[in-house]
Amino acid sequence: MEFQPTRSITKENPYRICFVCLGNICRSPTAEGIFQHKVKELGLGSYFYVDSAGTGAYHVGEKANATSRSVAESHGVSLLSRARQFDYDDFNEFDLILAMDASNYANIMTLKSGTTTTQVDMMRRFDTEGTNEDVPDPYYGGLNGFEVVFSILERSSKELINQLTPHILNE
Ligand code: 4NP
């Protein structure tokens, strides 16, 4: 089913997306970097504001994981984020919060109040080849895990952009 954002997207009011995983050093910085790269490539960079965060505080202040960075770089994508912890205020900052796995989703929902209009969803709802709803955590795996994560996030970001672009208003 097509995703329905709650509002139109303009340059004056860019659509704000936060990608969330556990550590904010592997999956969500990769999602952020890919999405940013793709919207820039399409000339749509000024319609979006993207960020990422982790539900855990283990790596706060750190650069993205070295393997995540080198895999992304080999695909032309730079990961520039520093890890931060997701918190309650993020519901005031973002239109859409996308969780990498079911555990991240559950952690986000425990912080969500009834009044926020922020939408929370799973990243892989946008994966055109997805059968597994989680973006697998590559942290304890080998290089192949990072490549798999990159390709899942590339497909999902592309489809997310496809589903959001009809909501862009060109003034
Ligand atoms: P991420 O991967 O959630 O994709 O950033 C992880 C990074 C670190 C840890 C777990 C997952 N950790 O437990 O330190």
Side-chain angles (χ1 to χ4, degrees), residues 3 15-41 48-112 116 118-161 163-164:
F3 177 73
Y15 193 71
R16 302 171 74 89
I17 305 171
C18 187
F19 300 97
V20 178
C21 63
L22 174 58
N24 193 209
I25 54 168
C26 301
R27 293 165 294 175
S28 61
T30 304
E32 177 190 353
I34 292 172
F35 188 93
Q36 186 70 55
H37 180 80
K38 284 189 181 296
V39 290
K40 268 194 185 158
E41 215 170 44
F48 295 95
Y49 171 82
V50 289
D51 193 14
S52 63
T55 58
Y58 321 103
H59 297 278
V60 167
E62 291 179 23
K63 285 184 182 178
N65 173 277
T67 312
S68 296
R69 280 187 282 132
S70 67
V71 166
E73 209 61 60
S74 75
H75 293 273
V77 175
S78 298
L79 305 186
L80 305 172
S81 67
R82 290 278 180 173
R84 72 172 181 90
Q85 188 171 23
F86 181 81
D87 78 18
Y88 177 83
D89 283 342
D90 288 315
F91 292 105
N92 298 322
E93 296 295 325
F94 294 97
D95 295 293
L96 175 62
I97 294 168
L98 286 174
M100 297 298 126
D101 67 30
S103 157
N104 312 146
Y105 183 87
N107 287 329
I108 293 163
M109 294 309 273
T110 61
L111 292 172
K112 187 176 187 272
T116 180
T118 300
Q119 290 171 284
V120 183
D121 220 313
M122 297 283 284
M123 185 64 173
R124 287 197 84 177
R125 84 166 269 168
F126 299 100
D127 187 354
T128 48
E129 293 176 27
T131 50
N132 175 353
E133 67 173 12
D134 289 346
V135 180
D137 187 345
Y139 190 58
Y140 298 106
L143 178 64
N144 187 46
F146 288 87
E147 288 286 358
V148 167
V149 164
F150 190 92
S151 54
I152 290 170
L153 293 174
E154 189 167 48
R155 286 196 304 269
S156 304
S157 294
K158 188 174 176 200
E159 181 60 18
L160 172 59
I161 294 166
Q163 293 192 25
L164 289 174

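Heads up: numbering here begins at 1 and tracks the sequence. A quick note: this is a predicted structure, and the numbers were derived from the prediction, not measured. Whatever order the structure lists ligands and atoms in, that order sets their numbers, starting from 1.
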Enquirer: Tell me, please, which residues at least two apart from Arg155 pass salt bridge (Lys or Arg N to Asp or Glu O under 4.0 Å).
Expert: Asp127, Glu129
Enquirer: Does the salt bridge (charged side-chain N to carboxylate O under 4.0 Å, His left out) test come out yes or no for Asp51 and Arg16, once each step is laid out?
Expert: CA-CA 8 Å; Asp51 193 14; Arg16 302 171 74 89; over 6 Å; no
Enquirer: May I ask you to check whether Phe86 and Phe91 place their ring centers less than 6.0 Å from one another?
Expert: yes
Enquirer: So Phe94 and Tyr49, would you call those rings parallel, tilted or perpendicular, with 30° and 60° as cut-offs?
Expert: parallel
Enquirer: Under a strict 4.0 Å criterion on non-hydrogen atoms, which protein residues are in contact with ligand 1?
Expert: Cys21, Leu22, Gly23, Asn24, Ile25, Cys26, Arg27, His59, Asp137, Tyr139, Tyr140
Enquirer: Are the side chains of Leu80 and Lys63 in touch, meaning some heavy atoms are under 4.5 Å apart?
Expert: no
Enquirer: For the pair His75 and Phe150, name the ring-plane relationship: parallel under 30°, tilted 30 to 60°, perpendicular over 60°.
Expert: parallel
